Each structure stands twice: as structure tokens, then as C-alpha cells.
Amino acid sequence: MNTYEKIYEVVKRIPKGTVATYGQVARLAGNSHWARVVGYALHVNPDNGEIPCYRVVSKDGRVSEAFAFGGANIQRRLLEADGIEFRDDCVIMEKYQWETPFY
DNA sequence: CAGTTGACGGCCC
DNA sequence: GGGGCCGCCAACT
């Protein structure tokens, strides 16, 4: 299993109506030092239809302006469609962050 | 082959 | 509290 494969697996496991941080995904993928790699993995994003990259946000709950789909506003709309609320352009992490028991 | 960059995170000032 | 710097890994030039 490649590094990217793991990352994609984790991203696809993110429950609907929940968001995860890059660090969180990296940690679940096996290494907490892959935050940047996670970003790159989602950047190449081979399957934007099956990989909900919009559920991955920065540690602050902020989304990237360089979002591949057309901008942070698109990502925000997708998240809102999943029932996730925003507070001042930031996802309410305390409420919607994916609480991973341990994986 | 070596240097630089990147959808980040954490610590220091 | 806000801003800046360094570190991590993999891909790109």
C-alpha cells in the first residue's frame, strides 16, 4: 500500500457531516508528519468524485484558497450541503471535527 | 542527482 | 493574540 493509497483511504473514510484536519488524516494514515504530503496527495486528487477532499480542512478549520474544484467558496458550499456549519469562514471544528477513536 | 516547492502543523518571538 | 520560522515527506524542475 502506497503512502497516497493510505491517505486516500483515510479521506474516503471520513463520515458524512464531519471534517478532518490534514494532520488528522496524516495521523490516521500512519504518520503525523505527512500533513504536507496529504495536501499534495489531495492536490493530485486522482478521483475527485470518490475522494471527498472538501472534508479535509486545515487545523484551524479554514479551507485552502487554492482548492482544486474552483475555490474555497465551493468547498464551503459542499460542506454546508453535508450539514456542516461555518463560523466566520471557519468550520466549527469543536462540533464537526471527525473524532477518531483510534485507527 | 540535487535543489526547491507545497491544499500543513507546531513551536517561538 | 498575531505573525514568522522550522520541520516533516514526497513530487517536480
Side-chain angles (χ1 to χ4, degrees):
Chain A
M1 184 83 78
N2 259 358
T3 303
Y4 278 35
E5 289 289 320
K6 293 181 185 175
I7 295 173
Y8 296 141
E9 272 299 305
V10 174
V11 175
K12 285 195 285 188
R13 282 181 206 164
I14 301 175
K16 186 170 180 288
T18 315
V19 297
T21 64
Y22 289 90
Q24 187 84 44
V25 174
R27 189 151 127 129
L28 294 169
N31 288 295
S32 53
H33 308 124
W34 289 355
R36 304 190 77 143
V37 181
V38 171
Y40 207 94
L42 293 180
H43 173 65
V44 296
N45 195 12
D47 271 298
N48 54 16
E50 299 195 39
I51 301 175
C53 10
Y54 61 89
R55 288 184 192 154
V56 183
V57 298
S58 67
K59 63 174 183 188
D60 301 317
R62 220 23 168 170
V63 295
S64 180
E65 297 293 339
F67 199 63
F69 295 98
N73 48 351
I74 301 299
Q75 182 174 10
R76 180 176 60 192
R77 188 173 71 173
L78 291 170
L79 291 174
E80 287 178 339
D82 275 354
I84 297 173
E85 298 177 90
F86 275 72
R87 189 215 288 177
D88 193 44
D89 296 335
C90 296
V91 178
I92 305 177
M93 301 303 288
E94 34 189 284
K95 286 186 61 177
Y96 299 104
Q97 184 174 41
W98 184 22
E99 300 183 40
T100 56
F102 49 82
Y103 232 98

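Values in this document were obtained by computation on a predicted structure and should not be read as measured data. By convention in this document, chain letters (A, B, ...) are assigned in the order of the sequence lines, proteins followed by strands, and residues within each chain are numbered from 1.
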In chain order, what residues pass the side-chain hydrogen bond (donor to acceptor under 3.5 Å, both in side chains) check against A:Y4, with sequence neighbours excluded?
none
Only counting residues at least two apart or in another chain, list the ones meeting side-chain hydrogen bond (donor to acceptor under 3.5 Å, both in side chains) with A:Q97.
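side-chain hydrogen bond (donor to acceptor under 3.5 Å, both in side chains) list for A:Q97, sorted by chain: empty.
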Give me each pair satisfying ring-ring contact (aromatic ring centres under 6.0 Å, His included) with a member in residues 12-41 of chain A, each pair once, sequence neighbours excluded.
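Only A:Y40-A:H43 qualify under ring-ring contact (aromatic ring centres under 6.0 Å, His included).
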Restricting to salt bridge (Lys or Arg N to Asp or Glu O under 4.0 Å), what partner residues turn up for A:R36, sequence neighbours left out?
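With neighbours one apart ignored, the set is empty.
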Those residues at least two apart in sequence (or on a different chain) that pass salt bridge (Lys or Arg N to Asp or Glu O under 4.0 Å) with A:K59 are none
Nearest-0.5 Å distance that lies between atom OG1 in A:T21 and atom CG in A:D60
10.0 Å
According to salt bridge (charged side-chain N to carboxylate O under 4.0 Å, His left out), does anything in residues 48-57 of chain A pair up with another residue at least two apart or in another chain? List the pairs.
A:R55-A:D82
Any chance you could list the contact pattern along nucleotides 8-13 of chain C? Use B for base contacts, S for sugar-phosphate-only contacts and - for none, protein heavy atoms under 4.0 Å, 5' to 3'.
BBSSS-
Specify the separation, in whole Å, of atom CD1 of A:I7 and atom P of B:dC8.
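Answer to the nearest Å: 13 Å.
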To the nearest Å, give me how far apart CG (A:L28) and P (B:dG9) are.
13 Å
Quick one: side chain to side chain contact (heavy atoms under 4.5 Å, CB included) partners of A:D88, sequence neighbours excluded?
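With sequence neighbours excluded, A:D88 shows a side chain to side chain contact (heavy atoms under 4.5 Å, CB included) to no residue whatsoever.
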Return the polar atom pairs (N/O with N/O) between nucleotides 10-12 of chain B and the protein under 3.5 Å, or none.
| from | atom 1 | to | atom 2 | distance (Å) |
| --- | --- | --- | --- | --- |
| B:dG10 | N7 | A:K59 | NZ | 3.0 |

